[in-house]
Amino acid sequence: MVKIGRAGLNAFDPATPTRESAVPGRLEGKVVVITGTGIGMARQVALRCVAEGASVIGCDILGEDAQETLDIVRAAGGRMESLHPIDLTNEQHAHHLLEFAADTFGGVDVVHHNAMQMRLGAVEDSSLDDWQFTIDHTLLIPFLVSKHAIPHLRARGGGSMSYMGSVAGANLGTGYPGNLPLHPAYSVAKAGVIRLASYLAHELAPWNIRTNTISPGCVATPRGLNFYGAEGTADRQVVMNAQLTKRLGEPDDIASAVVYLASDEASWINGLNLAIDGGHHASGGAGTADPEDVAVYAPKMKAWSTVDHWETSGKRA
């Protein structure tokens, strides 16, 4: 049995308490291709997939980080190979990745699109090179990998692709907590990723190929924490103000969704954009009501409503 740690920072620590997969074998016999396995959420996705019985092909443009993930997964007892360094904005590299996966493990059943890089800057301040870099590394990559994965999924009689969207891709403000003008190209590109997945759900349905998107909020990855700051800082408060659930996401929150969508349990789920974001999307990015605002309206509520409290053994607010 493969054992994995719940590593909130994607850093595998042998001292971290491990847990066995709750339902062993959900991906038994499946070949899963994961892009961008060097750092971030995809490392935990790889660990979770092998824990469920999958054979994994990883890749990343960052060779040392990709090798570290490969070593961690193998040390945990997983079956994984990796291509690194590889630049998936190059179509030849994208094609080679899928051919390598099929040649190595006999086919491809699942693709998880995670690879992404971006550059920051308001529209007025952004260079064309920075804008194009973000579009290419956030939207072009899943297009190219999808294009070359489809024949292999069709050859297996069907399969699943999951795409990493983002709350930034939703039509909610700037896409960053507090509506900060940080990453316009990224928000535009992630909107494109979400639309690509929903479009492909229609194109690929006749071949039993499902495509879904996972749109995370603010997740505690090493890179993410550069933005979100430490607990108690002003940076972190900006993030918390935009959410209903007052904590950062963990990589395992995302990995759980990836495993589910890749499994046969999700065989009737197609074209979904699943927000895993602590309630960011549900609140419109505004978070919970400010107690001072509630107090302003309390007299109106008292005047215009009748309180109907039944006897309860529970606890009222």
Side-chain angles (χ1 to χ4, degrees), residues 2-23 26-27 32 34-52 54 56 58 60 65 68-69 72-73 75-76 78 112-116 162-170 175-177 190 212-233 235-263 266 273-283 285 287-288:
V2 177
K3 291 190 175 183
I4 59 176
R6 187 178 177 87
L9 300 184
N10 289 295
F12 183 82
D13 181 356
T16 300
T18 59
R19 61 179 176 79
E20 294 186 352
S21 171
V23 186
R26 294 161 77 195
L27 303 181
V32 179
I34 306 171
T35 66
T37 50
I39 58 175
M41 289 174 273
R43 177 173 292 178
Q44 191 72 2
V45 171
L47 282 163
R48 287 292 302 276
C49 285
V50 297
E52 296 288 357
V56 170
D60 205 285
D65 293 326
E68 182 179 41
T69 298
I72 288 169
V73 171
H112 176 56
H113 299 269
N114 180 84
M116 182 280 299
S162 59
Y163 295 77
M164 287 297 284
S166 171
V167 294
Y176 192 85
K190 283 301 187 182
N212 295 288
T213 307
I214 297 167
S215 285
C218 297
V219 179
T221 63
R223 283 182 176 173
L225 289 174
N226 289 330
F227 288 91
Y228 314 142
E231 193 167 346
T233 63
D235 307 55
R236 180 65 62 85
Q237 193 59 46
V238 170
V239 173
M240 293 298 101
N241 287 345
Q243 300 179 181
L244 300 179
T245 304
K246 302 303 184 183
R247 70 168 176 88
L248 293 180
E250 294 187 15
D252 213 42
D253 294 322
I254 309 307
S256 294
V258 175
V259 168
Y260 172 64
L261 290 175
S263 74
N273 179 23
L274 176 61
I276 305 179
D277 60 1
H280 178 112
H281 191 275
S283 75
T288 52

- Residues in side chain to side chain donor-acceptor pair (under 3.5 Å) contact with Asp65, at least two apart in sequence or another chain: none

- For Thr288, what residues pass the side chain to side chain contact (heavy atoms under 4.5 Å, CB included) criterion, not counting sequence neighbours? Leu244, Lys246

- Message: List the residues meeting side chain to side chain contact (heavy atoms under 4.5 Å, CB included) with Ala257, not counting sequence neighbours, and say none if there are none.
- Response: Ile214, Leu274, Ile276

Is a donor on one side and an acceptor on the other found under 3.5 Å between the side chain of [X] and the backbone of [Y]?
{"X": "Gln243", "Y": "His280", "result": "no"}
{"X": "Arg236", "Y": "Tyr228", "result": "yes"}
{"X": "Thr213", "Y": "Asn273", "result": "no"}
{"X": "Thr233", "Y": "Gly229", "result": "no"}

- Message: Parallel, tilted or perpendicular, judged at 30° and 60°: which one describes the rings of His113 and Tyr163?
- Response: parallel

- Can you name the closest pair of heavy atoms from Ala42 and Gly36 and give their distance? CB-O, 3.2 Å

- Item | Nearest heavy-atom neighbours spanning Ala46 and Val56 | O-CG2, 4.3 Å

- Identified side chain to side chain donor-acceptor pair (under 3.5 Å) counterpart of Arg43 within the set Thr69, Thr221, Thr37: Thr69

- Query: Side-chain donor-acceptor pair under 3.5 Å between Asn114 and Thr35, yes or no?
  - Reply: no

